Asks: 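Pasting in a structure now, in structure tokens, and then I'll have a few things to ask.
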Amino acid sequence: MNRINKNVILALLTLASSAFLLFQLYYYKHYLSAKNGAALSKSKGSRIGFDSSQWRAVKKFIMLTSSQNVPVFLIDPLILELINKNFEHIKNTSHGSTSECKFFCVPRDFTAFALQYHLWKNEEGWFQIAENMGFQCLKIESKDPRLDGIDSLSGTEIPLHYICKLATHAIHLVVFHERSGNYLWHGHLRLKGHIDRKFVPFRRLQFGRYPGAFDRPELQQVTVDGLEVLIPKDPVHFLEEIPHSRFIECRYKEARAFFQQYLDENTVEAMAFRKNAKELLQLAAKTLNNLGVRFWLSSGTCLGWYRQCNVIPYSKDVDLGIFIEDYKSDIILAFQDAGLQLKHKFGKVEDSLELSFHGKEDVKLDIFFFYEETDHMWNGGTQAKTGKKFKYLFPKFTLCWTEFADMKVRVPCETIEYIEANYGAAAVAWKNPVSSWFTAMLHCFGGGILSCILLAEPPLRFLANHTNILLASSIWYIIFFCPYDLVSQGYSFLPVQLLAAGMKEVTRTWKIVGGITHANSYYKNGWLVMIVIGWARGAGGTIVTNFEQLIKGYWKPESEEEWLKMTYASKVTLLGSVIFTFQHTKHLAISKHNLMFLYTIFLVTTKITMMITETSTVTLAPFEDTLSRMLFGWQQQFSSFEKKSETKPSSNGTGSSASKPVADASDNVKKKHTKKTE
């Protein structure tokens, strides 16, 4: 008999042992465990699922909070949804009568409860008792934002979240703090450096990704899976609040810095206006909340919240925004019933609706309705004197809660983008003064920079004139950063605006003449080059607008139409450049000084007329229309004549073609005026 290899014998024994072990495991799983489970269920009265880790963790936690009088209630979205669907069954269930675990035994990593911190009397020792019961607990604290407005108390820390783990399941205890607007707030769950990131799967938490605000819920006690718990009396409302609960704080630190640089206005008139404005806001909020209409702080009111955490004393009104889909037909009647009389109503529900109401002490309430497009939002405006419509564009935004005037109100979550869309250059100045200064210099010296680029000269040559740079910088500073915004308020008076506009048009004439003379020194009698350089020197600030917006950070390729639809400044500068080029090349028999005098009078007169009559096309429209028809309109007129001859009258006496040329609506749409240094 051949000698058997020891390695073969060892392999066979190992294989047989493995097969026997697998058989034992299979037998235990499918036979013994089933019999033991059935016997256990019978001994407990067929209580299915009550041995799950989720139920045991919740039961121990409820025992802990009940024994220590910890004021908690259930806020877990998954469990609340199940309770809401089976609420009739829950109401008819008594303590201990449940035979099957349907709610707390649902597979999940966490069960969320809320702790009403203002009702908690015995916080000391609770943490230690929880650990003695087998929980591993984690406490997360942070600074109390309610004290940020008080320098001496702004560093005080408060508990925000507790996470207590028992075996494989964890209880997330969200600490709800009471705020002055009679609502509940919870903080952001931020993990500090010493916290173990693997303690629980933090990313699966339902609460704590951002601070949240909720209406104070009325609670009721119910029996769920044999356990007595408190839940919101209206679980549907609470569940609807969760996805829209994000809260952002007022920037108290930045507001203090703002008031250190610009003294707060504490006159009797300013204090009275702030008081009346807050009362008007509270009345408006109550009226809109009763109607179920969402609203947010807009325009000057939003700016006051963002910049100084208060009402701007010289704004003279309260501004609110509402999505047009939330409009209610009885909104005007509701405000009138609240004691606010309608001052004016512009537009209609389908287009550019705007409402204004009279408040106490002539404080006005303005409500702007916002319309949503594919890639942006907009609200309309109407000029009271002329009836002209405007369209103000905003980037798409979402709504967050904040606290303002001792109230829980909404503001755009993307606040800075919203304010920039409202206030343009002013908002950039507060956020980034260097960018604002550079764009202001572009407006002041844009013509010189552009003409230097076209003539292959150093484009930054204008920086060598220190006097002009210092003068322009001083004007920029007092416009954007003057205490109480006095310069901007002074410029709002029409006589001051007319004076500044006249001075600007005088300067435009000198710039055009200087540009033509400078171009002639390079290209003798090169009349086309002279026209281009004169035009660039006189209207460079308008032409370089694209680059200016790029520096501010919100330029888009399709956002600027200066080359397709020139502004009044570009048109009159081009006209002046052509006239002065003809004079310079001796094709126009008039002296330079006389031509400069006549052209300046024309500029100043037309500009002032346009400002007084509040129009932008009254001056050049007839001239442009006539010239366009003379040079480019023959083919169009001939085509129109052919179409007209083909149109036959119908039986009712009207033409068969109902289409008529319609002016593009965008011609009547203007972007909101922004404050710029020119």
Side-chain angles (χ1 to χ4, degrees), residues 54-55 57-58 61-62 65 71-93 101-117 119 160-163 169-179 181-189 201-225 227-248 288-296 323 325-326 398-402 408-410 413:
Q54 294 96 330
W55 185 83
V58 173
F61 177 77
I62 292 175
T65 56
V72 301
F73 61 95
L74 182 68
I75 60 171
D76 192 282
L78 176 60
I79 308 301
L80 285 180
E81 285 181 5
L82 293 175
I83 291 175
N84 184 60
K85 292 178 181 178
N86 301 273
F87 193 69
E88 290 300 323
H89 173 72
I90 291 289
K91 284 198 307 183
N92 299 324
T93 302
C101 184
K102 296 181 178 180
F103 303 96
F104 288 127
C105 297
V106 174
R108 64 198 184 282
D109 296 305
F110 300 91
T111 301
F113 285 84
L115 165 65
Q116 301 181 77
Y117 190 75
L119 301 178
L160 298 180
H161 298 267
Y162 290 96
I163 298 178
H169 192 68
I171 303 296
H172 180 200
L173 186 56
V174 184
V175 184
F176 275 29
H177 294 269
E178 191 176 35
R179 300 288 290 242
N182 194 30
Y183 63 96
L184 300 179
W185 168 91
H186 72 78
H188 186 193
L189 197 158
F202 289 100
R203 294 190 177 184
R204 298 181 186 176
L205 291 172
Q206 296 283 346
F207 297 88
R209 297 175 186 173
Y210 42 74
F214 292 83
D215 295 335
R216 186 190 300 275
E218 187 178 351
L219 303 178
Q220 63 177 339
Q221 187 169 4
V222 295
T223 300
V224 181
D225 291 339
L227 303 175
E228 292 186 353
V229 294
L230 288 173
I231 65 170
K233 195 169 185 178
D234 187 357
V236 175
H237 176 69
F238 187 85
L239 290 169
E240 289 174 349
E241 284 190 287
I242 293 176
H244 309 291
S245 63
R246 185 179 177 185
F247 184 94
I248 53 180
L288 292 172
N289 288 335
N290 290 338
L291 290 172
V293 175
R294 293 178 300 167
F295 70 94
W296 65 90
F323 292 121
E325 58 263 28
D326 293 329
T398 54
L399 296 178
C400 289
W401 291 107
T402 191
K408 185 183 75 158
V409 294
R410 296 180 183 88
C413 301

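Keep in mind it's a predicted model, so treat the numbers as computed, not measured.
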Asks: Atom CZ of residue position Arg216 - does it have more than 12 heavy atoms of other residues, nucleotides or ligands inside 6.0 Å?
Replies: yes
Asks: Minimum heavy-atom separation for Pro211 and His188, please, with both atom names.
Replies: CD-CB, 3.8 Å
Asks: Taking atom types as modelled and ignoring hydrogens, do the side chains of His169 and Thr111 form a donor-acceptor contact shorter than 3.5 angstrom?
Replies: yes
Asks: Show the numbers, then the answer: is there a side chain to side chain contact (heavy atoms under 4.5 Å, CB included) between Val236 and Leu239?
Replies: CA-CA 5 Å; Val236 175; Leu239 290 169; 5.7 Å; no
Asks: Applying the side-chain contact (heavy atoms from CB on, under 4.5 Å) criterion to Gln221, which one of Leu230, Ile231, Val229 satisfies it?
Replies: Leu230
Asks: Is there a side-chain hydrogen bond (donor to acceptor under 3.5 Å, both in side chains) between Asp215 and His237 once you walk through the steps?
Replies: CA-CA 9 Å; Asp215 295 335; His237 176 69; 3.2 Å; yes
Asks: Give the intermediate values and the outcome of ring pair (Phe, Tyr, Trp, His ring centres under 6.0 Å) for residues Phe323 and Trp296.
Replies: CA-CA 9 Å; Phe323 292 121; Trp296 65 90; 4.6 Å; yes
Asks: Does CZ in Arg108 sit with more than 12 non-hydrogen atoms of other residues, nucleotides or ligands closer than 6.0 Å?
Replies: yes
Asks: Of the non-hydrogen atoms in Ile242 and Pro77, which two are nearest, and what is the gap between them?
Replies: CD1-CG, 3.9 Å
Asks: List the steps and the verdict of ring pair (Phe, Tyr, Trp, His ring centres under 6.0 Å) for Tyr210 and Phe247.
Replies: CA-CA 7 Å; Tyr210 42 74; Phe247 184 94; over 10 Å; no
Asks: Nearest heavy-atom pair of Leu74 and Ala112: which atoms, and what distance?
Replies: CD1-O, 3.5 Å
Asks: Should Phe103 and Leu78 be marked as a side chain to side chain contact (heavy atoms under 4.5 Å, CB included) after you check the CA-CA gap, both sets of side-chain angles, and the distance that decides it?
Replies: CA-CA 9 Å; Phe103 303 96; Leu78 176 60; over 6 Å; no
Asks: Would you please classify the geometry between the Phe207 ring and the His186 ring as parallel, tilted or perpendicular, with 30° and 60° separating the classes?
Replies: perpendicular
Asks: Go through Phe214 and Tyr183 one step at a time and tell me if the ring pair (Phe, Tyr, Trp, His ring centres under 6.0 Å) criterion holds.
Replies: CA-CA 6 Å; Phe214 292 83; Tyr183 63 96; over 10 Å; no
Asks: Return the orientation label for the Trp185 and His177 ring planes: parallel under 30°, perpendicular over 60°, tilted otherwise.
Replies: tilted
